[in-house]
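The structure appears below as structure tokens.
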Amino acid sequence: EVQLQASGGGLVQAGGSLRLSCAVSTFTFGRYAIGWFRQGPGGERDGVSCFSTSDYSTEYSDSAKGRFTVSSDRAKNTVYLQMNDVKPEDTGVYYCAARLGSVIGCRTIRVEYEVWGQGTQVTVSS
């Protein structure tokens with residue numbers, strides 16, 4: 001069973017917008033945090049943002065601050081990453097991952113996330 005389903009990637013011009021979605025099944029809203037990670041050409045998965053459904057805390061990487069917004073829809077059990085004013089350096093495969101349990105103050109530290117979804121490709125053209 002797919003537990004995290006990421007979608008919404010695509011090709012967009014620099015300055016444009018995309019909204020990524022992470023649909024969560026199996027896990028109960030309030031009992032997980034979702035982290036968004038970008039894997040660039042170098043292969044490393046860097047933290048972009050996170051959202052905790054336990055306390056609604058958020059965190060953003062320096063490059064994401066002011067441009068990206070993470071949010072949730074409790075009824076749909078889905079977490080979103082709104083990407084505005086995208087730049088070519090935002091290109092990569094975006095993964096959503098879940099840290100289970102009551103999460104107070106989420107952080108975008110990769111090793112804290114136990115369940116990973118498949119990625120969605122974001123390509124920003126200049």
If I compare all heavy atoms of [X] with all of [Y], which pair ends up nearest, and what's the gap?
{"X": "Ile34", "Y": "Cys96", "answer": "CG2-CB, 4.0 Å"}
{"X": "Ser72", "Y": "Tyr56", "answer": "OG-CE2, 4.1 Å"}
{"X": "Ser17", "Y": "Asn84", "answer": "OG-OD1, 3.0 Å"}
{"X": "Gln121", "Y": "Gly92", "answer": "NE2-O, 3.5 Å"}
{"X": "Val48", "Y": "Ala64", "answer": "O-CB, 3.8 Å"}
{"X": "Tyr95", "Y": "Gln118", "answer": "CD2-C, 3.9 Å"}

Okay, side chain of [X], backbone of [Y]: is any donor-acceptor separation there less than 3.5 Å?
{"X": "Ser52", "Y": "Cys106", "answer": "no"}
{"X": "Ser21", "Y": "Ala23", "answer": "no"}
{"X": "Thr108", "Y": "Ser49", "answer": "no"}
{"X": "Asn77", "Y": "Ser25", "answer": "no"}
{"X": "Thr120", "Y": "Ser7", "answer": "no"}
{"X": "Arg38", "Y": "Thr91", "answer": "yes"}

Looking at [atom1] of [X] and [atom2] of [Y], how far apart are the two atoms once the value is rounded to the nearest 0.5 Å?
{"X": "Ser63", "Y": "Lys87", "atom1": "OG", "atom2": "NZ", "value": "8.0 Å"}
{"X": "Ser126", "Y": "Gln13", "atom1": "OG", "atom2": "CD", "value": "9.5 Å"}
{"X": "Arg31", "Y": "Ser54", "atom1": "CZ", "atom2": "OG", "value": "7.0 Å"}
{"X": "Gln3", "Y": "Thr26", "atom1": "CD", "atom2": "OG1", "value": "5.0 Å"}
{"X": "Thr78", "Y": "Asp73", "atom1": "OG1", "atom2": "CG", "value": "6.5 Å"}

How about Ser57 and Glu59: does a side-chain donor come under 3.5 Å of a side-chain acceptor? no
Just by distance, with hydrogens left out, do Arg45 and Gln39 show a side-chain donor and acceptor under 3.5 Å apart? yes
Cluster companions of Ile109 among Ile, Leu, Val, Met, Phe, Trp, Tyr (side-chain spacing under 4.5 Å): Val111
Give the ring-plane orientation class for Tyr32 versus Phe27, where under 30° counts as parallel, over 60° as perpendicular and anything between as tilted. tilted
Assigning hydrophobic clusters by single linkage (Ile, Leu, Val, Met, Phe, Trp, Tyr; side-chain heavy-atom cutoff under 4.5 Å), is Tyr80 placed with Tyr60? no
Linked, directly or transitively: Leu4 and Val93 (ILVMFWY side chains, under 4.5 Å): no
State, yes or no, whether a side-chain contact exists between [X] and [Y] at a heavy-atom distance under 4.5 Å.
{"X": "Leu18", "Y": "Asp90", "value": "no"}
{"X": "Phe68", "Y": "Ser61", "value": "no"}
{"X": "Met83", "Y": "Val12", "value": "no"}

Going through the distances and angles, do Asp62 and Lys65 end up as a salt bridge (charged side-chain N to carboxylate O under 4.0 Å, His left out)? CA-CA 5 Å; Asp62 287 343; Lys65 285 177 185 175; 3.4 Å; yes
Can you run down the ring-ring contact (aromatic ring centres under 6.0 Å, His included) pairs that involve residues 99-126, sequence neighbours left out, and say none if there aren't any? Phe37-Tyr113, Phe37-Trp116
Verdict with supporting geometry, Val24 and Phe29, side-chain contact (heavy atoms from CB on, under 4.5 Å): CA-CA 9 Å; Val24 180; Phe29 195 94; over 6 Å; no
Partner of Leu81 under side chain to side chain contact (heavy atoms under 4.5 Å, CB included), chosen from Leu20, Thr69, Val122: Leu20
Glu44, CD: over 12 other non-hydrogen atoms inside 6.0 angstrom: no
